[in-house]
Q: 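Following this message is one structure expressed as C-alpha cells.
Just so it is clear, the model here is predicted, and its values are computed rather than measured.
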2 protein chains.
Amino acid sequence: MSHIAETAPGATGAVGVRQAQKLRTRQALMDAALRLLEHQSLSSLGLREVTRAAGIAPTAFYRHFKDTAELGVALVEESLGGLHGALRTGLSAPDPGDSEARIALTVGLIADLTRSAPAHVRFVARERHGGVQPVRRAIGDQLRLFAEEVADALGALPDSAGWPREDLLMLAGIYVDHMVMTASAFLAAGPDGEQSTAELARRQLRLVGLGRRHWLDG
Amino acid sequence: MSHIAETAPGATGAVGVRQAQKLRTRQALMDAALRLLEHQSLSSLGLREVTRAAGIAPTAFYRHFKDTAELGVALVEESLGGLHGALRTGLSAPDPGDSEARIALTVGLIADLTRSAPAHVRFVARERHGGVQPVRRAIGDQLRLFAEEVADALGALPDSAGWPREDLLMLAGIYVDHMVMTASAFLAAGPDGEQSTAELARRQLRLVGLGRRHWLDG
DNA sequence: TTCCTCGGAGAACGACTGTTTACTGGATGA
DNA sequence: TCATCCAGTAAACAGTCGTTCTCCGAGGAA
C-alpha cells in the first residue's frame, strides 16, 4: 500500500517530469499576470494577454485555470499564504516590553517585504477592494485569518494581556489595515520617500500603542 | 461689459439650452459609469459600454471626455469634491470636550454617506489603489487635502491643541484612512452588519482617541 | 515495447473594442 | 432671418477578446 504514495500526484516534493513541467508553466502564468498587473486591475486582465506574456498558447491557459479570477485567487494564496508565520516569527524577537523596538522592527519588515516582493504587495492592496468578487473574498479571508493570529500574539504581550478577545481583534484589525496601507504607501513613495514613509508609520504605531496602554484605564 | 458675463459659458447657473443639454448628457455618462463600476474596476470599463448604458452613440463620448480615465477623474471630483465642507460642518456640532459624542457622530455620518451614495464610496475605495494612475493620483490629492483640513480642525480641539503640525497631519492620516476603510466595511457588511461594523469603528476611534490624549505625556 | 494520459498548439468562431471620418439638425448670435 | 456652431449620429476600420474543437507528442504505467 505504502508504495503507492511514492508516485501519487499531489505528494509534496518528488514528482514526475510531467507534473514538474506543469507546475513550471503554472508559475509562468502567475508571474506573467503579476507583471501585467502592475499597470492595471485584475478585472481588465485578459486571458490571451497573460498567455502571450507567459509564452504559451491561449488555449493552454485552461489546463491550469478556468478564469483569470481563479488565477487571481491563486495569486492571493501566493502573496499572503506564506505571510502568517513570517511576520510572527520576526515579531517574536524583541523584548516583549520594548514597544519602540517592536514598532521599528515591524515597519522594517513591511519595508523589506515591499522591497522584495513589490508586485505581490501591489496586487493585494489593489484587489482588496477590487472588482473581482472571489479575489476580494480570498484577500478578506486571508487578512481576517492574519488578524486572528495577530490577536493571539497581542494577548501574550504585557500591554494587552487579559483583554477580551473582541478587543484584541479590534486592535489587530487596526494593525493589519495599517500594515496594508503602509506597504501601499511604500510603493507609492518609491525609494526616495521610503525613510519619511517609515517614520510616519512608526509615529502612527506609537500613537496606537499609547491608546493600547491606556485602554483599560477608565 | 457686465452683460457679457450673462451669456458666458462656464458661469454658474443660467446657461443656454445648449449647455444644459450637454451637462445632462455628461451627467448621464458619469451616472452610467458609476453604475457599471459596481461590479468591475475602472481599468476594465469600456468606452462603448458606458455610452451604451447612457443611451448615446459611442462617438459622442469624445465630446465630453477623451478617455475613460478622464471620466474617472471627473467621478473623483464628484465623489470627494463636496465632502470637504460636509463632514467638517457636521463635526463642529458637538461639545469640543465630548469625544465620545464626536466619535458616534463621525461614524454615523460615514454610515449615512455610505447609505446615500454607495456607488461613489465604492468607487473611491476601489480606485484609490486601482490600476488607472491619473485617477489614483486624483484620489490621493483629494484625500491629502481632506487630511489637511482635518488636521486644522484637530488643532482646535482640546486633546490635540498645541501639537506640531507634523503630528496633526500624522493623526489626520489615521483618521482619513480609517474613514475610507470604515466606509468600505459598511459596503461589504451590507444592511444587516451595519450595527456591528459601526460598533467596531467606534471602538477603534476610542482607542486612537486615548493615544491622542496621551501623545504628549512622556 | 505498447497503450494510455494529458499538457500544449493551431485554427476558426462570433462578439466586442477604441478611433476616424463624414454628416445631420437644432440651438446660437448677429 | 440667416449663417455659424457643435452635440450627437452612422458607418466602417483593424484589432483583440474568450471559447470550442481537433490534433500532436512526450511522459507514465503495464
Q: Using atom CZ of R24(B) as one end and atom C1' of dA27(C) as the other, report the distance to the nearest whole Å.
A: 15 Å

Q: Quick one: closest heavy-atom pair of L37(B) and R122(B), and the distance?
A: O-CD, 4.3 Å

Q: Are E199(A) and R202(A) ion-paired here, with the side-chain N under 4.0 Å from a carboxylate O?
A: yes

Q: Distance alone, cut at 3.5 Å: any donor-acceptor contact between the side chains of R24(B) and Q21(B)?
A: yes

Q: Could you give the distance from OG (S41(A)) to CG (L42(B)), rounded to the nearest 0.5 Å?
A: 8.0 Å

Q: Would you indicate, yes or no, if dT17(C) has its OP1 or OP2 atom less than 4.0 angstrom from a side-chain nitrogen or oxygen of R52(B)?
A: yes

Q: Quick one: do the H39(B) and Q133(A) side chains pair a donor with an acceptor below 3.5 Å?
A: no

Q: Salt-bridge test for R128(B) and D177(B): reply yes if a basic N is under 4.0 Å from a carboxylate O, no otherwise.
A: yes

Q: Can you identify which nucleotide, out of dG18(C), dT20(D), dA12(C), has its nearest atom closest to the R48(A) side chain?
A: dA12(C)

Q: How long is the line joining CG of L47(B) and C1' of dT19(C), in whole Å?
A: 9 Å

Q: Can you tell me the distance, in whole Å, between the NZ atom of K66(A) and the C1' atom of dG7(C)?
A: 20 Å

Q: Examine the base of dG28(D) for any acceptor or donor lying under 3.5 Å from a partner atom in the side chain of R18(A), and report the outcome as yes or no.
A: no

Q: Y62(B) OH to dC6(D) C1': how many Å, rounded?
A: 18 Å

Q: Mind calculating the distance between CZ (F65(B)) and P (dA7(D)) to the nearest angstrom?
A: 13 Å

Q: When the distance from CD of E49(B) to P of dC17(D) is rounded to whole Å, what number comes out?
A: 16 Å

Q: Whole angstroms only, please: what is the CG-C1' distance between L45(A) and dC17(D)?
A: 12 Å

Q: Looking at Q27(B), R26(B), E70(B), which one forms a side-chain contact (heavy atoms from CB on, under 4.5 Å) with H64(B)?
A: R26(B)

Q: Could you give the CZ-to-P distance, from F61(B) to dG18(C), as a whole number of Å?
A: 9 Å

Q: What N/O pairs connect the protein and nucleotides 8-10 of chain C at under 3.5 Å? Give each pair on its own line.
A:
unit_1	atom_1	unit_2	atom_2	d
dG8(C)	OP1	T25(A)	OG1	2.3
dG8(C)	OP2	H64(A)	NE2	2.5
dG8(C)	N7	R63(A)	NE	2.8
dG8(C)	N7	R63(A)	NH2	3.0
dG8(C)	O6	R63(A)	NH2	2.4
dA9(C)	OP2	A57(A)	N	2.5
dA9(C)	N7	T59(A)	OG1	3.0
dG10(C)	O6	T59(A)	OG1	3.3

